[in-house]
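Here's the structure, in structure tokens; my notes come after.
For the numbers below, each heavy atom of this structure counts, side chains included, while hydrogens, waters and symmetry mates do not. So you know, we letter chains A, B, ... as the sequences are listed, proteins then strands, and number each from 1.
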2 protein chains.
Amino acid sequence: MPKTPQRSTIADVARHAGVSKATVSRFLNHRDTLLTPAIAKRVEAAVKELGYKPSPMAQALKRGRSRLIGLVVADITNPYSVAVLSGAELACREAGYLVMLFNLGNESERESAGIQALSSYKVEGFILNTMGHDAGAVLETAGQGRPVVLVDRMHQGLDVDFVSLDNPHAIDLCMNHLISAGYRDFLLVSEPLGQVSSRIQRARAYEAFIQARGPALRGDSFECGPADEAALMQRLQALRANARGLPAVVSNNAVVTLRLIAAVAALGWKLGEDIGLIGIDDAPWAPFVGPGVSAVSQPTEQIGRLAARCLLQRLDGLTAPARTILLPGTLAARGSTRSRAAAALAPG
Amino acid sequence: MPKTPQRSTIADVARHAGVSKATVSRFLNHRDTLLTPAIAKRVEAAVKELGYKPSPMAQALKRGRSRLIGLVVADITNPYSVAVLSGAELACREAGYLVMLFNLGNESERESAGIQALSSYKVEGFILNTMGHDAGAVLETAGQGRPVVLVDRMHQGLDVDFVSLDNPHAIDLCMNHLISAGYRDFLLVSEPLGQVSSRIQRARAYEAFIQARGPALRGDSFECGPADEAALMQRLQALRANARGLPAVVSNNAVVTLRLIAAVAALGWKLGEDIGLIGIDDAPWAPFVGPGVSAVSQPTEQIGRLAARCLLQRLDGLTAPARTILLPGTLAARGSTRSRAAAALAPG
DNA sequence: TTGTAGGCGTTATCAT
DNA sequence: ATGATAACGCCTACAA
């Protein structure tokens, strides 16, 4: 049984090299400070020989900074969160930071707990994709004035960097596509809007679009929770019954898209034939469900990378006013919105 | 602009309560040690008033333990990893631990870096779902004798707790189902086996099954990397050309299943009609792709929970010999393996 | 029962 | 250019 090989400390290195701890520390941190070459060599050798690695915790304690970035995601189960996470993680890693993850599991009450936990580990900044429960208040107290960047979800009264899909543009992409495919009757299905800014923005953009086109378009909306399958099916039936041609459903995100796909299947309908469907959030399986599910795809990794980059800039001392970075989505038109609506309507 | 409200320290509390730091510390950690009620009250009040929260980093530095669990996942992009992660995270949280995540992004070289990074933050234990590059060696050195539990992937010479799907059973589930649906010609498609024990085990179980049934069955295998679409399509065509009826493909995991679905689509084939398909790993979209994709579903959250539980027991001092926990998968038979093979073969 | 003091592993401020 | 030394926030002998 190998004795637990105690990690060597800076003191060990100092002893081994016959210098003081301070010298070792300087060699490590302030390479610029000129050390006598001979000493430098000795220290370097000792470091290598002992396999010395500084203790991040001790450094954090001393410096008040930890080389840690705190990332709070609303729901790690949502592929969107994961994609953002991996983008952010990569960017942080490249800059020498480690990401500490806190998953809310969609429980907004845990939001402040998450921020506080992360904060207590002295994370140097926060990337937040949260529920909007009370992040603002908590950050005032626990944030310690550390930089914050919001992803996908904005919070009122929190004047910080914000990175997100350009939601109105994404909705326009959906709607213009649907209209040019001949659809005239719509239903927007969202998860319960709550305080979630992205959901709200999409709903607003949708309503604005419908309004702007006058009575030629009919647009309704529905908030669909995880247990609302029955209600959802009823809404879909009503939509189809009252439509003047083939109606289309617009889905607020991938989770809802899947619910819609299930509902349509349960009704025995076929996508693109009995109903149109397009969603925000593309997914790797989308091309293969039915005739292919149309979607507006988000540049998720890029969102994550940019969020991290914003944060890193702040950590580098950038003091510019809060920035808002909106990234365009891209349309992937597939069979679920093929131009049958036009045919069905085919006027004289 | 609110002054950054410095977190209050134990010294602040002591001063506020008019006692020594030691007393505060005792009040916090050793509630059993009898304190004069009057003093206890004063300390309690001070703690509350100042909103004092101990600094986990300082505690970790002093105690050598951090209330942190290190979790290394091979690829956070794989839903399997996420599911395990969320199960483990929940169990850890309930026990008062925070999970620190390290994502390898499928780069096995980063495995040791991950373990070391986590270790330097003094995580109290490791949950590893890694590539099998050199985790063993690294743990000897960096693991500091802290408990480890392996998930899904075993490592030679690492005698620790192991939680996983029962792979042979899962393969038997697949194969028996296929056979009773009339299939006789098979292809197993895996990601490159490498050192990954689960992939290897599944491949072995598959081969064993084929062998055991004698020449009535024909079974081939193929290792398919991310860029092997063309080769994959060729293999599928060869499979179909040489088969005596409808052949079936068995997919090693969800990632491969998606690749197979794409290949089948590119060939213009229909699942369950031109080829059978069943995969290990179920997915929420599986019922809606083509006629539904058959799968053996893993109890992923449970795997994560159990892994965490094993670890927590070890942290509680359990010294039992290394355990192996194998969980059964469950078959979800769908259209992609419907019993057409039998019909096609229909002998006299 | 409570306080004093030392140290966990670093870094930074002084001297030297 | 280098070396003592004092923190960082906390815990724990040991002393009182």
Side-chain angles (χ1 to χ4, degrees), chain A residues 4-44 46-47 50-68 119-124 142 144, chain B residues 4-44 46-47 50-68 116 119-122 124 142 144:
Chain A
T4 54
Q6 286 297 350
R7 264 182 104 70
S8 49
T9 77
I10 205 173
D12 299 326
V13 177
R15 204 174 314 121
H16 204 82
V19 298
S20 77
K21 294 192 301 177
T23 303
V24 178
S25 179
R26 274 190 214 104
F27 172 79
L28 265 19
N29 305 310
H30 310 284
R31 297 299 262 250
D32 51 319
T33 308
L34 243 25
L35 304 222
T36 307
I39 298 241
K41 295 282 183 275
R42 270 167 38 212
V43 175
E44 185 164 20
V47 166
L50 300 183
Y52 167 78
K53 294 270 189 305
S55 152
M57 307 217 83
Q59 290 180 317
L61 183 61
K62 181 62 194 173
R63 317 206 249 222
R65 313 180 288 118
S66 59
R67 302 253 99 191
L68 241 32
S119 168
S120 73
Y121 280 95
K122 297 227 175 302
V123 298
E124 300 188 28
Q144 291 284 66
Chain B
T4 55
Q6 286 298 350
R7 262 182 107 69
S8 49
T9 78
I10 204 173
D12 299 327
V13 177
R15 202 174 315 121
H16 205 79
V19 298
S20 77
K21 294 193 297 178
T23 303
V24 178
S25 179
R26 278 193 285 261
F27 173 79
L28 265 20
N29 305 309
H30 309 285
R31 298 298 265 249
D32 52 319
T33 309
L34 244 26
L35 303 221
T36 308
I39 297 242
K41 296 280 183 277
R42 283 196 350 241
V43 175
E44 185 164 20
V47 166
L50 299 183
Y52 168 78
K53 293 271 188 305
S55 152
M57 308 217 82
Q59 293 187 135
L61 187 61
K62 181 64 196 173
R63 314 206 249 222
R65 313 180 287 118
S66 58
R67 301 255 100 190
L68 241 32
Q116 272 164 349
S119 168
S120 71
Y121 280 97
K122 299 230 175 299
E124 300 188 29
Q144 292 283 64

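Atom OH of A:Y121 and atom P of D:dG9 are 17 Å apart (whole Å). Atom NZ of B:K62 and atom C1' of D:dG9 are 11 Å apart (whole Å). If you take CG of A:N29 and P of C:dG9, they are 17 Å apart, rounded to a whole angstrom. Put simply, CG on A:L35 is 13 Å from C1' on D:dG3, counting in whole angstrom units. If you measure from atom CZ of B:R65 to atom P of D:dG9, you get 21 Å, rounded to the nearest angstrom. Rounded to an integer number of Å, the gap from A:K41 NZ to D:dA1 P is 16 Å. For the pair B:L28 CG and D:dG9 C1', the computed distance is 12 Å after rounding to whole Å. In this structure, the NZ atom of B:K122 is 7 Å from the P atom of C:dG9, given to the nearest Å.
Nearest nucleotide to the B:S25 side chain, out of D:dC11, D:dG3, C:dA12: D:dC11. Minimum atom distance to the side chain of A:Q59 is reached by C:dT11, of the listed D:dT2, C:dG3, C:dT11. Ranking D:dC10, C:dT10, D:dG3 by closeness to the B:S55 side chain, first place goes to D:dC10. Of the candidate nucleotides D:dA1, D:dG3, C:dT10, C:dT10 has the atom lying nearest to any side-chain atom of A:T9. Ranking C:dA12, C:dT1, C:dT4 by closeness to the B:T36 side chain, first place goes to C:dT1. The side chain of A:S20 approaches D:dG3 more closely than any other nucleotide in the set D:dC11, C:dT10, D:dG3.
Among all heavy-atom pairs drawn from B:R7 and A:S119, the shortest one is NH1-OG, 4.3 Å.
Here A:K53 lies in heavy-atom contact (under 4.0 Å) with sugar-phosphate atoms only. Using a 4.0 Å heavy-atom cutoff across all strands shown, B:I39 reaches sugar-phosphate atoms only and no base atom. The residue B:Y52 sits close only to the backbone: its heavy atoms come under 4.0 Å of sugar-phosphate atoms, none of a base. Contact annotation for A:L61: base contact, defined as any heavy-atom pair under 4.0 Å involving a base atom.
Under the 4.5 Å side-chain criterion, counting only non-hydrogen atoms from C-beta, B:F27 is not in contact with B:V13. Within the 4.5 Å cutoff, the side chain of A:L68 has no heavy atoms near those of the A:K122 side chain. Looking only at side-chain heavy atoms (C-beta outward), A:S66 and A:E124 come within less than 4.5 Å of each other.
Distance check: B:K21 NZ to B:D12 CG gives 10.5 Å after rounding to the nearest 0.5 Å. Atom CD1 of B:I10 sits about 12.0 Å away from atom CG of B:L50, to the nearest 0.5 Å. Interatomic distance, CZ of A:R63 versus CG of A:L61, reported as 11.5 Å (0.5 Å rounding). Considering CD of B:Q116 and NZ of A:K53, their distance stands at 5.5 Å, rounded to 0.5 Å.
A heavy atom closer than 4.0 Å to some atom of DNA chain C occurs in A:I10, these being the qualifying members of residues 10-19 of chain A.
For C:dT2, the OP1/OP2 oxygens have no side-chain nitrogen or oxygen of B:T23 closer than 4.0 Å. Of the side-chain N and O atoms in B:H30, one or more sit less than 4.0 angstrom from OP1 or OP2 of D:dT12.
A donor and an acceptor atom sit less than 3.5 Å apart, one in the side chain of A:K21 and one in the base of C:dT10. Residue side chain B:R7 does not reach the base of D:dG9 through any donor-acceptor N/O pair under 3.5 Å, judged by distance alone.
Map B:R26 and B:R63 each onto its nearest nucleotide of DNA chain C; the residue landing nearer the 5' end is B:R26.
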